[in-house]
Asks: 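After the structure tokens below, expect a handful of questions from me.
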Amino acid sequence: MFHRTGRRQGHRVFQSVVLVTGASSGIGRACALDLARQGAHVYAASRRPAEDLAAELRRELPQEAHLETVSLDVDLGEAVRSVIAQIVAAAGRIDSVVHCAGFGMGGAIEDASDGEAKAIFETNLFGALRVCREVLPTLRAQGAGTIVLVSSIGGRIALPFQGLYSATKFALEGLAESLSMEVRGHGVRVVLVEPGDFRTGFTDRRTRLQAAGSASAYRDAFMRALEVIESDERGAATPEPVARRVCRILDSERPRLRYTIGPFTQRLAVHLKKALPGRVFESILASTYRLDARASRAHRGRAK
């Protein structure tokens with residue numbers, strides 16, 4: 001199941017054992033590599049074959065780094081249970097989990113099918129739930145541990161035509177808030193990391209709703225908004241700052257519940273949403289994502 005990079009040197013005791021999900025690309029990959037470079041014993045999990053991912057990550061790590069790769073689909077409860085059990089059996093413990101697995105989906109909410117909605121919730125929300133549920137008995141028994149859930153600024157501010165993705169992240173935020181209070185007395189910390197735009201493979205892997213094609217009443221507005229969204233993502237920084245933040249969180253004795261990281265304007269927007277009237281803030285977003293009300297009225301006129 002596991003594929004190891006690096007060599008064990010004598011009886012070296014690793015500072016921490018960390019499971020990173022979604023480690024094959026983007027933020028998860030950056031976290032796995034940075035944590036391994038910092039001396040953690042990292043288990044990097046993704047849907048990719050473990051051997052392929054290990055060969056790829058090995059090229060970016062010093063020989064003494066300790067990173068093992070594991071194939072894991074967080075949609076499958078038995079797979080999550082088995083992987084965590086094997087890590088505990090091999091390493092003797094798990095100190096932290098950095099949960100990054102997830103994907104994006106674009107299109108109008110009206111165009112979403114039940115199957116598409118269920119698919120993104122299955123991974124983005126229930127995948128996180130499965131990982132938390134399976135690792136918590138170990139963390140509680142240890143009386144210590146940290147769960148970092150990678151959410152999104154999209155879990156604080158819903159964007160047009162990203163409604164299903166934002167819905168999963170809003171739900172993840174609520175899950176983390178409750179979980180943090182429930183497990184605090186057992187010595188377990190829960191932290192939300194809310195990235196804004198970073199340049200990762202997330203943009204190219206974003207799926208589109210099947211009904212979001214030319215027949216959709218929202219087609220033109222969706223394409224204008226998507227152009228802005230993808231331009232911002234492709235022009236953003238690479239995700240290493242998020243990984244560095246995660247490392248600092250795991251080193252902290254008393255981390256906060258939330259850390260928002262990304263471009264200044266996006267972090268500012270989180271505060272503006274709380275400060276401005278709802279209609280004013282919505283108008284700002286509509287303008288940002290080129291939602292032309294006149295075009296919408298013209299479309300309704302043609303429909304008549």
Side-chain angles (χ1 to χ4, degrees), residues 1-6 13-51 53-54 57 61 65-102 123-151 172 175-176 179 183 186-193 239 242-243 245-251 255:
M1 174 71 76
F2 299 131
H3 197 283
R4 178 176 297 123
T5 68
V13 177
F14 299 105
Q15 182 178 9
S16 60
V17 176
V18 185
L19 168 63
V20 181
T21 68
S24 62
S25 65
I27 291 172
R29 178 191 182 96
C31 288
L33 290 171
D34 205 19
L35 286 164
R37 293 184 186 115
Q38 297 299 320
H41 186 164
V42 176
Y43 288 86
S46 80
R47 293 181 180 181
R48 288 183 54 186
E51 295 80 5
L53 182 58
L57 295 179
L61 288 172
H66 292 265
L67 182 145
E68 303 181 40
T69 55
V70 54
S71 296
L72 173 63
D73 184 346
V74 298
D75 288 4
L76 305 176
E78 184 53 45
V80 175
R81 187 176 305 112
S82 175
V83 164
I84 289 175
Q86 290 184 55
I87 292 173
V88 173
R93 68 188 195 278
I94 296 179
D95 297 300
S96 304
V97 173
V98 181
H99 180 71
C100 306
T123 299
N124 291 9
L125 179 64
F126 291 109
L129 173 61
R130 293 183 187 100
V131 170
C132 291
R133 191 172 57 210
E134 295 303 328
V135 78
L136 274 169
T138 297
L139 300 186
R140 285 191 294 100
Q142 295 169 172
T146 303
I147 297 174
V148 176
L149 299 173
V150 176
S151 179
L172 183 64
L175 181 80
L179 183 62
V183 301
H186 297 277
V188 181
R189 301 167 298 181
V190 177
V191 179
L192 283 160
V193 173
V242 183
R245 171 64 73 182
V246 168
C247 286
R248 290 196 295 271
I249 289 168
L250 296 186
D251 278 339

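When reading the values below, keep in mind they use all heavy atoms of this one structure, side chains included, and skip hydrogens, waters and symmetry mates. As the structure is a prediction and not an experimental result, all values here were calculated from the model.
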Asks: List for me each residue that meets side chain to side chain contact (heavy atoms under 4.5 Å, CB included) alongside S96, sequence neighbours excluded, and say none if there are none.
Replies: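 Residues passing side chain to side chain contact (heavy atoms under 4.5 Å, CB included) with S96: V18, T146, L250.
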
Asks: Restricting to non-hydrogen atoms, name the atom on S151 and the atom on L192 that form the minimum distance, rounded to 0.1 Å.
Replies: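 In this case the closest contact between S151 and L192 is CB-CD2, 3.9 Å.
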
Asks: I need the minimum non-hydrogen distance between G102 and T123, along with the two atoms involved.
Replies: CA-CG2, 3.9 Å

Asks: Can you tell me how far the OG1 atom of T138 sits from the CZ atom of R93, to the nearest 0.5 Å?
Replies: 12.0 Å

Asks: Testing the basics here: between G28 and C100, what is the closest heavy-atom pair and its distance to 0.1 Å?
Replies: CA-SG, 3.6 Å

Asks: Quick check: do R130 and R81 have side-chain heavy atoms less than 4.5 Å from each other?
Replies: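 No. Closest side-chain heavy atoms not under 4.5 Å.
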
Asks: Assess the residue pair V188 and Q142 against the criterion (side-chain contact (heavy atoms from CB on, under 4.5 Å)); give the C-alpha distance rounded to whole Å, side-chain angles, the decisive distance to 0.1 Å, and a yes or no.
Replies: CA-CA 9 Å; V188 181; Q142 295 169 172; over 6 Å; no

Asks: List the steps and the verdict of side-chain contact (heavy atoms from CB on, under 4.5 Å) for I147 and L139.
Replies: CA-CA 9 Å; I147 297 174; L139 300 186; 3.8 Å; yes

Asks: Who passes side chain to side chain contact (heavy atoms under 4.5 Å, CB included) against A45, sequence neighbours left out?
Replies: L19, V70, L72

Asks: Please find the pair of heavy atoms, one from D95 and one from S16, that lie closest to each other, and give the distance.
Replies: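 In terms of heavy atoms, the two residues are closest at OD2-CA, 3.1 Å.
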
Asks: Might you work through the side-chain contact (heavy atoms from CB on, under 4.5 Å) test for H99 and V74, ending with a clear yes or no?
Replies: CA-CA 10 Å; H99 180 71; V74 298; 4.2 Å; yes

Asks: Between T69 and A44, is there a donor-acceptor pair closer than 3.5 Å when you use the side chain of the first and the backbone of the second?
Replies: no

Asks: Can you measure from CD (E134) to CG (L129) and round to the nearest 0.5 angstrom?
Replies: 9.5 Å

Asks: Scan for salt bridge (charged side-chain N to carboxylate O under 4.0 Å, His left out) pairs involving residues 16-28, sequence neighbours excluded, and state none if there are none.
Replies: none

Asks: Just verifying a value: how many Å separate L175 CG and F126 CZ, rounded to the nearest 0.5 Å?
Replies: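 Between L175 CG and F126 CZ, I get 9.5 Å after rounding to 0.5 Å.
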
Asks: Testing V131, V191, L172 for side chain to side chain contact (heavy atoms under 4.5 Å, CB included) with L149, which one passes?
Replies: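 Single side chain to side chain contact (heavy atoms under 4.5 Å, CB included) partner of L149 among V131, V191, L172: L172.
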
Asks: Determine whether V98 and L35 satisfy the following criterion, side-chain contact (heavy atoms from CB on, under 4.5 Å), listing intermediate values before the conclusion.
Replies: CA-CA 10 Å; V98 181; L35 286 164; 4.3 Å; yes

Asks: Can you sort out the partners of R48 under side-chain hydrogen bond (donor to acceptor under 3.5 Å, both in side chains), two or more places apart, ordered by chain and number?
Replies: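 Listed in chain order: E56.
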
Asks: Test of understanding: with side chain to side chain contact (heavy atoms under 4.5 Å, CB included), list the residues that count as partners of D73, not counting sequence neighbours.
Replies: R47, D75, L76

Asks: Between atom CD1 of I27 and atom CZ of R245, what is the distance when rounded to the nearest 0.5 Å?
Replies: 13.5 Å

Asks: Can you list every pair that meets salt bridge (charged side-chain N to carboxylate O under 4.0 Å, His left out) and has a residue in residues 138-149, with sequence neighbours left out?
Replies: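 Found none.
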
Asks: Which heavy atom of I249 sits nearest to which heavy atom of V193, and what is that distance?
Replies: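 For I249 and V193, the tightest heavy-atom pair comes out as CD1-CG2, 3.6 Å.
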
Asks: So which atom in S24 and which in L53 form the shortest heavy-atom distance, rounded to 0.1 Å?
Replies: CA-CD1, 3.8 Å

